[in-house]
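Fair warning: this is a prediction, and the values are worked out from it, not measured in the lab. Keep in mind that the numbers below use all heavy atoms, side chains included, and drop hydrogens, waters and symmetry copies. In what follows, chains are A, B, ... by sequence order, proteins preceding strands, each numbered from 1.
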Number of protein chains: 2
Amino acid sequence: MHGIEIAVSTVIFALRDDPRNDCTALGMPLVRRVRQPYEGSWALPGGPVRPDEDLTDTARRTLVETTALSPTYLEQLYTFGHVDRASKPVPGPRVISVVYWALVRPEEAERGIEDDNVAWHAADHPPELAFDHATIVDYALWRLRTKMEYSRIAQAFLGETFTLAQLRQVYEVVLQRTLDPANFRRQVESSGGVEPTGEYLVGGRHRPPKLYRHRAASDLADNGPLTRL
Amino acid sequence: MHGIEIAVSTVIFALRDDPRNDCTALGMPLVRRVRQPYEGSWALPGGPVRPDEDLTDTARRTLVETTALSPTYLEQLYTFGHVDRASKPVPGPRVISVVYWALVRPEEAERGIEDDNVAWHAADHPPELAFDHATIVDYALWRLRTKMEYSRIAQAFLGETFTLAQLRQVYEVVLQRTLDPANFRRQVESSGGVEPTGEYLVGGRHRPPKLYRHRAASDLADNGPLTRL
DNA sequence: ACAAAAGTGTTGAATCTACACCCATGT
DNA sequence: ACATGGGTGTAGATTCAACACTTTTGT
């Protein structure tokens with residue numbers, strides 16, 4: 001038997017209201033390491049793959065165990081397997097990490113565990129991270145932003161019903177630029193990804209906006225022949 | 001120590017002239033299994049990861065060992081880890097496969113080993129394949145076609161210099177549709193991915209076409225923060 | 001009445017697509 | 001001369017981006 005360990009880690013994104021700056025930002029839950037190496041540093045949630053467990057099940061399980069979150073979107077990101085990635089400060093066994101990335105809704109994110117060892121951080125300015133997790137987060141962010149432009153994953157950040165302004169805000173926060181509301185509306189409406197519920201969101205300070213829902217027909221992202229799995 | 005084995009497999013694509021139909025098609029080298037399970041079936045080249053070997057090195061090494069090919073483009077595709085993927089006809093240990101995909105040039109493909117146990121097959125009509133390799137090939141094909149539309153990987157199929165007609169043929173064969181030569185030329189020229197060498201390809205039956213080369217500046221595909229690795 | 005977000009309309013620019021047409025070579 | 005692929009030009013359709021303007025609510 002060889003000495004390579006295999007683990008799953010997950011980069012989790014959610015839109016959260018930052019109370020300090022009075023704005024919403026892209027957040028990411030991290031767990032504090034309680035063992036050497038990198039004891040005390042922040043790291044991505046994850047853990048070893050059990051012998052009878054599919055990789056995506058490992059992702060879901062470790063996610064629930066450490067953060068109590070269940071994602072609306074979960075996709076494999078990349079497998080990091082460099083020989084020395086787990087043996088940098090002190091020698092350790094080789095670990096190959098199959099990394100997933102996940103999106104969760106704001107309400108879901110609120111329910112998540114939050115204590116000294118599990119906390120949300122800004123996705124674009126993460127603290128010092130253990131192992132090669134900084135690179136992993138960079139790549140996950142890049143994938144999120146890239147995929148946002150040609151798929152409907154933005155909807156995975158929102159609940160069952162939502163207004164177009166809310167959906168637009170998702171794009172604006174993630175892509176870090178403002179979008180023209182008029183053009184955005186037309187783009188989304190003609191894409192066929194959403195459909196109006198007929199209801200309106202009342203109680204706002206201004207004209208009540210239409211509510212939309214996800215169109216069940218098509219998937220949030222086209223992953224080709226992999227969607228079947 | 002757990003009982004999960006970790007291996008690397010690679011889907012290799014090349015454009016090859018099919019002598020039967022007098023046309024070029026997308027080919028893929030496969031190796032015949034010499035052991036149970038699936039003994040005698042065709043499978044993707046690959047093998048177990050050595051303890052001191054990076055994943056991409058395993059891909060390169062097994063590629064050379066079994067097919068004698070060295071690719072111009074090599075990228076991680078996906079990691080397949082379903083519990084029962086290697087224990088279908090007869091029980092066997094669990095194997096997680098990190099799959100890569102590769103592109104090789106025609107001249108390179110000619111040099112590759114070819115015998116009873118290593119042979120080229122049509123990428124879109126593969127024979128019965130071992131394990132879940134049929135799914136893997138499907139996915140690799142999908143990725144190739146998808147990525148072809150927004151990157152310059154098509155150039156990895158060609159040598160140092162090439163004509164625009166040759167580059168166009170790559171697109172036509174892979175995407176399985178004809179492209180307007182005039183519009184194709186403009187698209188490619190304005191993309192900045194190629195630059196004229198100043199030379200012309202002589203010896204053809206018609207007007208000698210300009211020769212182009214890859215522009216060294218930018219990479220063939222934008223893989224974000226992963227390009228550094 | 002007014003402020004501000006929701007939603008509609010319009011215009012010019014940029015891009016895509018189809019196709020006409022000229023150019024240069026081997027036969 | 002002519003067939004054929006190499007290469008340029010152009011007109012119409014489609015898409016994109018910017019912004020004016022109307023609608024509807026709370027205050």
Side-chain angles (χ1 to χ4, degrees), chain A residues 15 17 22-24 145-146 148-152 154-155 158-159 161-213 215, chain B residues 15 17 22-24 106 145-146 148-152 154-155 158-159 161-173 175-213 215:
Chain A
L15 254 56
D17 296 318
D22 186 36
C23 67
T24 79
R145 293 192 169 124
T146 307
M148 196 91 118
E149 314 237 22
Y150 66 89
S151 78
R152 316 196 282 107
Q155 294 178 37
L158 299 174
T161 64
F162 49 88
T163 69
L164 290 190
Q166 291 171 331
L167 184 58
R168 180 162 50 86
Q169 196 195 20
V170 174
Y171 280 88
E172 293 188 338
V173 169
V174 173
L175 301 180
Q176 293 177 299
R177 60 189 163 96
T178 59
L179 299 174
D180 184 305
N183 296 332
F184 180 80
R185 161 181 304 276
R186 272 182 292 255
Q187 242 171 274
V188 172
E189 276 176 342
S190 72
S191 77
V194 302
E195 60 187 6
T197 63
E199 312 271 309
Y200 290 79
L201 177 62
V202 294
R205 278 191 299 281
H206 304 291
R207 173 175 174 176
K210 276 187 191 169
L211 280 171
Y212 291 79
R213 73 166 70 89
R215 261 199 40 186
Chain B
L15 254 57
D17 297 316
D22 186 36
C23 67
T24 78
R145 292 191 169 124
T146 307
M148 197 91 119
E149 313 238 22
Y150 66 89
S151 79
R152 316 195 280 108
Q155 295 179 36
L158 299 173
T161 65
F162 48 88
T163 69
L164 289 191
Q166 290 171 330
L167 184 57
R168 180 162 51 86
Q169 195 195 19
V170 175
Y171 280 88
E172 293 188 337
V173 169
L175 301 181
Q176 293 177 299
R177 61 188 163 95
T178 60
L179 299 173
D180 184 304
N183 296 332
F184 180 81
R185 161 180 304 275
R186 273 182 292 255
Q187 242 171 275
V188 172
E189 275 177 342
S190 72
S191 78
V194 301
E195 59 186 8
T197 64
E199 312 272 308
Y200 290 79
L201 178 62
V202 293
R205 278 191 300 281
H206 304 292
R207 171 175 174 178
K210 275 187 191 170
L211 281 170
Y212 291 79
R213 72 167 70 90
R215 261 200 42 186

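Of the candidate nucleotides dG9(C), dA3(C), dG6(D), dG6(D) has the atom nearest to the side chain of R168(B). Side-chain proximity of Y200(A) to dG5(D), dG6(D), dG7(C): nearest is dG7(C). In the set dG7(D), dT10(C), dA6(C), the nucleotide with an atom closest to the side chain of P209(B) is dG7(D).
Checking E199(A) against T161(A) by side-chain atom types alone, no donor-acceptor pair falls below 3.5 Å.
At whole-Å resolution of the value, CZ in R205(A) and C1' in dT24(D) are 15 Å apart. One interatomic measurement links the two molecules: CG of L211(A) to C1' of dA5(C), which rounds to 15 Å at whole-angstrom precision. L201(B) has its CG atom 12 Å from the P atom of dG26(C), to the nearest Å. Remark: C1' of dA5(C) and CD of Q169(A) are 14 Å apart, rounded to the nearest angstrom. Remark: P of dT14(D) and CD of Q187(A) are 18 Å apart, rounded to the nearest angstrom. Atoms CZ (R207(A)) and C1' (dA4(C)) sit 12 Å apart, rounded to a whole Å. A straight line from NE2 of H206(A) to C1' of dC2(C) spans 11 Å, rounded to a whole angstrom. Rounded to whole Å, the distance from CG on D180(B) to C1' on dT8(D) is 12 Å.
Side-chain N or O atoms of E189(B) include none that pairs as donor or acceptor with a backbone N or O of R186(B) at under 3.5 Å. S151(A) places no side-chain N or O within donor-acceptor distance of the main-chain N or O of M148(A), the cut-off being under 3.5 Å. Side chain of T197(B) to backbone of R213(B): no donor-acceptor contact under 3.5 angstrom is found.
Using a 4.0 Å cut-off, some side-chain N or O of R185(A) falls inside it from OP1 or OP2 of dG7(C).
With contacts defined as side-chain heavy-atom distances shorter than 4.5 Å, the pair E195(A)/Y212(A) does not qualify.
Two residues, G203(B) and N183(A), neighbour DNA chain C, and the one matched to the more 5' nucleotide by heavy-atom proximity is N183(A).
Contacts of A182(B) with the nucleic acid, taken as non-hydrogen atoms under 4.0 Å apart, include base atoms.
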